[in-house]
J.: 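The following block contains the structure, expressed as C-alpha cells.
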Amino acid sequence: MCGIVGLFLKDKALEPKLGEMLTAMLITMTDRGPDSAGIAIYGTETKGRAKMTVQSDTPDTAFVGLDKALTKVVGGTVKMTVKSTHAVLDIPEGTAPTVRAALAGIDASIRVMSRGSSLEIYKEVGLPKDVAERFGIAKMSGTHGIGHTRMATESAVTTMGAHPYNTGDDQCLVHNGSLSNHNNLRRTLRREGILIETENDTEVGAAYLTWQMQNGATLGEALTSSLDDLDGFFTFVVGTKDGLGVVRDPIACKPAVMAETDQYVAFGSEYRALVNLPGIENARVWEPEPATVYFWNHDTSPTSSKKAA
Amino acid sequence: MQTIDLTETGLRETNKMLHAQAANTNQTVWTIENAKGAHAIACGLDAPIEVTVKGSTGYYCGGMNQQATINIHGSAGPGTGENIMSGKIVIEGDASQYLGATGHGGLIVVKGNASSRCGISMKGVNIVVQGNIGHMSAFMGQSGNLVVCGDAGDALGDSCYEARFFVRGKVKSLGADCEKKEMRPEHIAILTELLAEAGFDAKPEEFTRYGSARKLYNFDVDNAAAY
C-alpha cells in the first residue's frame, strides 16, 4: 500500500513549520504502511558548501572522528551534525564524489542517504512517529519536503529499502506501488554503471531517473520516459531543489490527492493527510491525472504548462 | 435530529448507532460532523434514514448501503457506495476512483466530477454525474445506468454486458466491445427520470447512448475450437 505526503510552501511564513506539518501529515498515513518511514527536507543552503546525509547502524562508533578523517581527505573543512543513526556532513561544494569514495575506505557500513546543497534525507525502519521523533523532523524548517511510510512488497524491511531515494544532487523520489520489471532493469542499469545497492524496486526506479538525467534528460523528460520504460504501478512524488513533481502510471490505481492554496501545494495518498493544513476548507482539492507529469517550483505559478517541464 | 462528532464518537460507535436504526425508527435524520477524510463512514446502513456527512470522506463511505440516503457535503474518497443495494448517495463535491463499484441498485449522484473506474462492474445501480468521469469507467458493467453530463475518459464500458451509458459530452475512447447506440424513446424516458431524480437541468436529447456490441460475451460457434 504505502503512504506518501508532500508539501511545497509558497508562503515563507510557514517555512519554520515545514517539519512539523510534514510530520503530522505522515503520521496520519501510518496505517498505509507501518514498516519504515522517511522524510526528505529541503532546508537552507550555504554558498560554497554542500550537504551529504549518511547513515550507520552503529553510529556510536562509525561517526567518531568522521569529520576529521574526511577533512584530511577533502582538503577543506568538513563539519558533522549527528542525529541518531544519521549524520549530516557539511562539505565543500563539489567534493561529494570524493567524500563518497573516502567513506567506503573509512567505514564500509556507512551508507549515503542524500547529497545536494539543501536536501537532507532521514529514513529508518519503524513507525512514522518514531522515525520522525528520533531525527527531530518536527523542529526542522525548510521550503518543501516529501515523506513516505512503507508497506514492503518487493524487498526486505531495511533502512536501505525505505524511501525517499536520492536520485541525484538535491533530487529524491518516493513511490507508492510496485514495479514488475525491476530485475531486468536493474541488470541493464548496472551494466550502464549505475550504483544500485538493494533488491528494492523503487531504488531501480530512482536509478532509472538518475541514468536518464546522466544522459542529458531533464527530470521532466526522465519522468515522461518512465511512463514507457517502467512496468507495474506507481504514483511517484519527486523532490528537486526548486520544488515538487508528481506522476502516476496510466492505470492510476495508486491514490493521489492534491490541495492548493495561496500558501502551499500539498500532496497526500489520501485526503486524511491534508485535513489539518491551514485553510484546507477553502483549498482547491483534486486528483492528478494519470500519465501526466506535474511540477511546482518557486519560479513560476503552478500551471498545466509546467507539465513535463 | 441526531448529531455525531466523528472525532469524539469514533467510527465504530458512529456506525453502530446508525446500524441500530430499524425500519420504523423515529430518529430519521442524522448529521455526522468532522468527517476529515475518515474511512468507511456510514457503511452497511439498512434503514430509511437520512445521514448528512459534513466534510470530505475517505474510502468506502456509504458502502453496501440499503434504504438510507447519504449526503456528503464535501468530496468522496475511493470506493464510495461500493456494492450499494438501494437508497441514495449524493456527493456535493468530486468522487474518487471506483465510485459505486459492483453496485446492485439505488442511486448515486455526483455534483462535481468522478474519477477513474466509475461504476466498475455495476450490477444495477444508477449513477448520475454532473461533471466528467475518468478512464475505465463502467468496466464490465452488467446492468444499471451511468449518466454523465460532462465528458468520459478512456475506455468507457470496456467488456460491458447490459449496462447503459449516457454521455452528454465527449468520450475520449470506447473500451472493447462498447459501441454508440441509437437513442430510442424508452431511453429518453429513463434519462429524463434519472436527471430529474438527480436534480440536474440537462436535456436528455443532448446525450448519446453507449452500450455493449454483444460480441465479446456471447458464445460464437465459430470460436468453438478455442474452448
J.: Can A:Gln263 and A:Leu9 be said to form a side chain to side chain contact (heavy atoms under 4.5 Å, CB included), step by step?
T.: CA-CA 6 Å; A:Gln263 289 184 292; A:Leu9 299 177; over 6 Å; no
J.: Would you call the rings of A:His175 and A:His163 parallel, tilted or perpendicular, where under 30° means parallel and over 60° means perpendicular?
T.: tilted
J.: Measure distances from A:Ile280 to the heavy atoms of chain B and classify the residue's part below 4.5 Å as side chain, backbone, both or neither.
T.: neither
J.: Pick one of side chain, backbone, both or neither for A:Pro250, based on which atoms fall under 4.5 Å of a heavy atom in chain B.
T.: backbone
J.: B:Ala155 versus chain A, heavy atoms under 4.5 Å apart: side chain, backbone, both or neither?
T.: neither
J.: Do the side chains of A:Val238 and A:Tyr165 get nearer than 4.5 Å, heavy atoms only?
T.: no
J.: Between A:Val257 and chain B, which part of the residue has a heavy atom less than 4.5 Å away: side chain, backbone, both or neither?
T.: neither
J.: Taking the side chain as every heavy atom from C-beta outward, state whether A:Leu185 and A:Tyr208 have any atom pair closer than 4.5 Å.
T.: yes
J.: Could you tell me whether A:Tyr122 and A:Phe135 have their ring centroids closer than 6.0 angstrom?
T.: yes
J.: Kindly check if the number of other-residue, nucleotide or ligand heavy atoms within 6.0 Å of CG (A:Asp228) is above 12?
T.: yes
J.: Nearest 0.5 Å, please: how far is CZ in A:Phe8 from OG1 in A:Thr143?
T.: 8.0 Å
J.: Scan chain A against chain B and return every donor-acceptor pair whose distance is under 3.5 Å.
T.:
from: A:Arg32; atom 1: NH1; to: B:Tyr59; atom 2: OH; distance (Å): 3.1
from: A:Ile251; atom 1: O; to: B:Arg117; atom 2: NH1; distance (Å): 3.0
from: A:Ile251; atom 1: O; to: B:Arg117; atom 2: NH2; distance (Å): 2.9
from: A:Ile251; atom 1: O; to: B:His135; atom 2: NE2; distance (Å): 2.8
from: A:Ala252; atom 1: O; to: B:Arg117; atom 2: NH2; distance (Å): 2.9
from: A:Cys253; atom 1: O; to: B:Gln97; atom 2: NE2; distance (Å): 2.9
from: A:Glu270; atom 1: OE1; to: B:His39; atom 2: NE2; distance (Å): 2.5
from: A:Arg272; atom 1: NE; to: B:His39; atom 2: NE2; distance (Å): 3.4
from: A:Asn276; atom 1: OD1; to: B:Lys36; atom 2: NZ; distance (Å): 3.3
from: A:Glu287; atom 1: OE1; to: B:Ser115; atom 2: OG; distance (Å): 2.8
from: A:Glu287; atom 1: OE2; to: B:Ser96; atom 2: OG; distance (Å): 2.4

J.: Show the nearest heavy-atom pair for residues A:Met258 and A:Pro288, with the distance to one decimal.
T.: CG-CD, 3.7 Å
